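Labels below follow one simple rule: chain letters A, B, ... track the order of the sequence lines, proteins then strands, and each chain is numbered from 1. The figures that follow rest on heavy atoms only: side chains count, while hydrogens, waters and symmetry mates do not. Small disclaimer: the values here were computed from a predicted structure and weren't measured.
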Amino acid sequence: MSLAIYNFLTGQKEPFKGVTEGQVSRFVCGPTVYDYSHLGHAKTYVSFDVIVRWLRYSGYNLRYVQNITDVGHLLDDGEDRILKGARRERVEPMQIVEKYMREYFTDMDALGVARPDISPRASAHVPEQIEMIQTLIEGGHAYVVNGSVYFSVESFSEYGKLSGRKVEDMEAGKRVAVRDEKRHPQDFALWINAPEAHILQWPSPWGRGYPGWHIECSAMAAKYLGETFDIHGGGVDNIFPHNECEIAQSESAHGKPFANYWMLGGTLLIDGVKMSKSLGNFVTIKDALERHRPEALRMFILSGLYRSPADFSEGALEAASKGSDRLNTAARRVREALKNPPDLGPDATPEMTNNLIETLDQMRMRFASAMNDDFNAPLALSVLFDLGTEANRWIDKGIASREALEQADNIFRELGGDVLGVIRAVEVASGGSAAREAGLVQMLIELRAQARASRDFARADAIRNQLAALGVTLEDGAKGTGFRVS
RNA sequence: GGCCACGUAGCCAAGUGGUAAGGCAAGGGUCUGCAAAACCCUCAUUCGUCGGUUCAAUUCCGACCGUGGCCUCCA
């Protein structure tokens, strides 16, 4: 069962074939670090995180590069985003960069997103960018005007091939006044001449200035992944102009394909419309994490395809959160059954165990074929839900043999935990306070048991309700009362 | 206006040329002192509308309606 990827470049699902057998080189456009990360970032990076985890789980040797944009990404009014942040907070631009880059990683860590292997910063790769621009000028793909350098879209016949746009179709100047110094309205800046007062600037062969937004990705991808690499990822909202420009620059400079597979994640909507600051429906990851567990957010994101848009709403999050609880409860029950094996009934024969093992093997295969089919996480997730239902049933029916439980536990840990990151790892109840807490709860459970034995249900319920208020849920079972902490 | 997606039960959301995964919600039942958790049962003859191709379409084609995205701010 081999891996197939939907390639935006061709508009088709294609079997994956890496530049180098057994390896995957991947670049994903990273954030511009001038403000807190939002749910759109969460969707994109959780989606690509699961792809990383699946590729690694499948045995590929993956190198994952994700840039940090800290210069050159301009706002409508031409101001650099970093400078805007610096002005807002009255600090040095690089303080803004450090602050929000750290916040970005903190948020991603909280969401369980594995860090990229390399997180190169644009401002740290100015020489590489200058070198690439030089190459483009020499090759006749770029020209210098008044200390700025522009890429000539007419020099690259395939410009528009990713986004399906034709230069002729696009009437320039619709939204933003065209700078007259460009030869063609679609030409884009590689290097921007800096006024003397501009805080971010570097010396270059064309005078002092700063790099344009697109060139950083091309230069850094080439440096760390080579001139042609396997997968380029990002959000669809960057398909034009950003991704298109990356292709134009890289392929013009190197004369060979840039990325073989383009994977673009769908946009995150809030109650049906795109999230934006101006609409006031902007939700940061920190805000969301105050209200929901990380697994619930991941569950929400993974319950749709990575390349489809996702519509965030409190209702949708609530449903995902409940689903996440169900899965985690089932996984925990399997773990507990392994620690305290349940009584087996007369149906727990070796043949029965073989049947269960076969069912579990099939689940692994179903999961793998879902993930290998362009990373169909929602379908893979449904396999885990099936496993939850089955495992619960096996335990209830007294047929859950040790072998079956071990296999089920493995699937939950490996596929639910390591790959999708929706099942929490085993809570390590080590340390003095955790042990003390468990002891205290156990004491209350015994007090309640005494109350129940003497049919003092008011007292028993009071204990249970007060524990519930503290986030400790009691569960009465055949073999006594257990508890879980939320 | 141009380009591109999408439209599946109350909600979220997979999927296939041969008759619809999963989650949430809802209803009934088992268990329980009552809960919680869990299990069992029920819940789209139907996949935006109208045509077409086909033995057969939700799945292919066309038109229309609707929603969303992009068109040099955004992951």
Quick one: which of [options] gets closest to the side chain of [X]?
X	options	answer
A/Arg393	B/C40, B/U72, B/A38	B/C40
A/Asp237	B/G33, B/A75, B/C24	B/A75
A/Lys322	B/C74, B/G15, B/C24	B/C24
A/Arg448	B/A25, B/C34, B/G23	B/C34
A/Leu379	B/A75, B/A14, B/A38	B/A14
A/Arg333	B/G33, B/A38, B/A36	B/A38
A/Leu305	B/A14, B/G33, B/C71	B/A14
A/Arg464	B/G69, B/A35, B/G22	B/A35
A/Lys182	B/A75, B/G22, B/U72	B/U72
A/Pro241	B/G23, B/U72, B/G69	B/U72

When we call it a touch if two heavy atoms are under 4.0 Å apart, what does [X] touch: a base, just sugar-phosphate, or nothing?
X	value
A/Phe48	nothing
A/Gly315	nothing
A/Leu268	base
A/Arg459	nothing
A/Asp476	base
A/Ser321	nothing
A/Arg452	base
A/Gly482	nothing
A/Asp461	base
A/His38	base
A/Phe385	sugar-phosphate
A/Thr389	sugar-phosphate
A/Gly304	sugar-phosphate
A/Leu381	nothing

Measure from [atom1] on [X] to [atom2] on [N] and round the result to the nearest Å.
X	N	atom1	atom2	value
A/Trp394	B/A37	CH2	C1'	19 Å
A/Arg165	B/G2	CZ	P	14 Å
A/Met299	B/A14	CE	P	15 Å
A/Ile395	B/C31	CD1	C1'	16 Å
A/Glu295	B/G23	CD	P	19 Å
A/Leu420	B/G22	CG	C1'	13 Å
A/Phe483	B/A35	CZ	C1'	18 Å
A/Tyr306	B/A13	OH	P	17 Å

Any side-chain N or O of [X] below 4.0 angstrom from OP1/OP2 of [N]?
X	N	value
A/Lys274	B/C70	yes
A/Thr44	B/C74	no
A/Asn392	B/C39	yes

Expressed as a whole number of Å, how far does the [atom1] atom of [N] sit from that of [M]?
N	M	atom1	result
B/G66	B/U49	P	15 Å
B/U72	B/C24	P	43 Å
B/C47	B/U19	P	16 Å
B/A21	B/G27	C1'	23 Å
B/U59	B/G15	C1'	9 Å
B/C43	B/G29	C1'	15 Å
B/U16	B/C70	P	28 Å
B/G10	B/A25	C1'	7 Å

With both distances kept under 3.5 Å, what pairs with [N], Watson-Crick or G-U wobble?
N	answer
B/C34	none
B/C60	B/G52
B/A26	B/U42
B/A13	none
B/G66	B/C6

- Message: With nearest nucleotide decided by heavy atoms, which residue, A/Ser324 or A/Gly477, maps closer to the 5′ end of RNA chain B?
- Response: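 Result: A/Ser324.
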
- Query: Considering heavy-atom distances to RNA chain B, does A/Trp213 or A/Gly323 have its closest nucleotide positioned more toward the 5' end?
  - Reply: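 So the residue in question is A/Gly323.
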
- Task: Give the ring-plane orientation class for A/Phe151 versus A/His141, where under 30° counts as parallel, over 60° as perpendicular and anything between as tilted.
- Result: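 Geometry flag for A/His141 against A/Phe151: parallel rings.
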
- Message: Can you confirm whether A/Phe8 sits close enough to A/Ile239 that some side-chain heavy atom of one is under 4.5 Å from a side-chain heavy atom of the other?
- Response: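 Yes. Closest side-chain heavy atoms under 4.5 Å.
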
- Quick one: are A/Val50 and A/Met371 in side-chain contact, heavy atoms under 4.5 Å?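 They are in contact (side-chain heavy atoms under 4.5 Å apart), so the answer is yes.
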
Decide, yes or no, whether a salt bridge links [X] with [Y] under the criterion of side-chain N to carboxylate O below 4.0 Å.
X	Y	result
A/Arg335	A/Asp409	no
A/Arg484	A/Glu336	no
A/Arg53	A/Asp49	yes
A/Arg183	A/Glu154	no

- Query: For the atom pair OG1 (A/Thr106) and CZ (A/Arg102), what is the distance rounded to the nearest 0.5 Å?
  - Reply: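 Output value for this atom pair is 9.5 Å.
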
- With distance as the sole criterion, do the side chain of A/Asn376 and the base of B/G15 form a donor-acceptor contact below 3.5 Å?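 Not at all, since no donor on one side and acceptor on the other fall under 3.5 Å apart.
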
- Do A/Arg326 and A/Thr389 have side-chain atoms, one donor and one acceptor, less than 3.5 Å apart?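 Judged by distance alone, the side chains do pair up.
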
- Message: Less than 3.5 Å apart, any donor N or O on the side chain of A/Glu295 or A/Asn328 sitting next to an acceptor on the other?
- Response: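 Side chains of A/Glu295 and A/Asn328: no pair found under 3.5 Å.
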
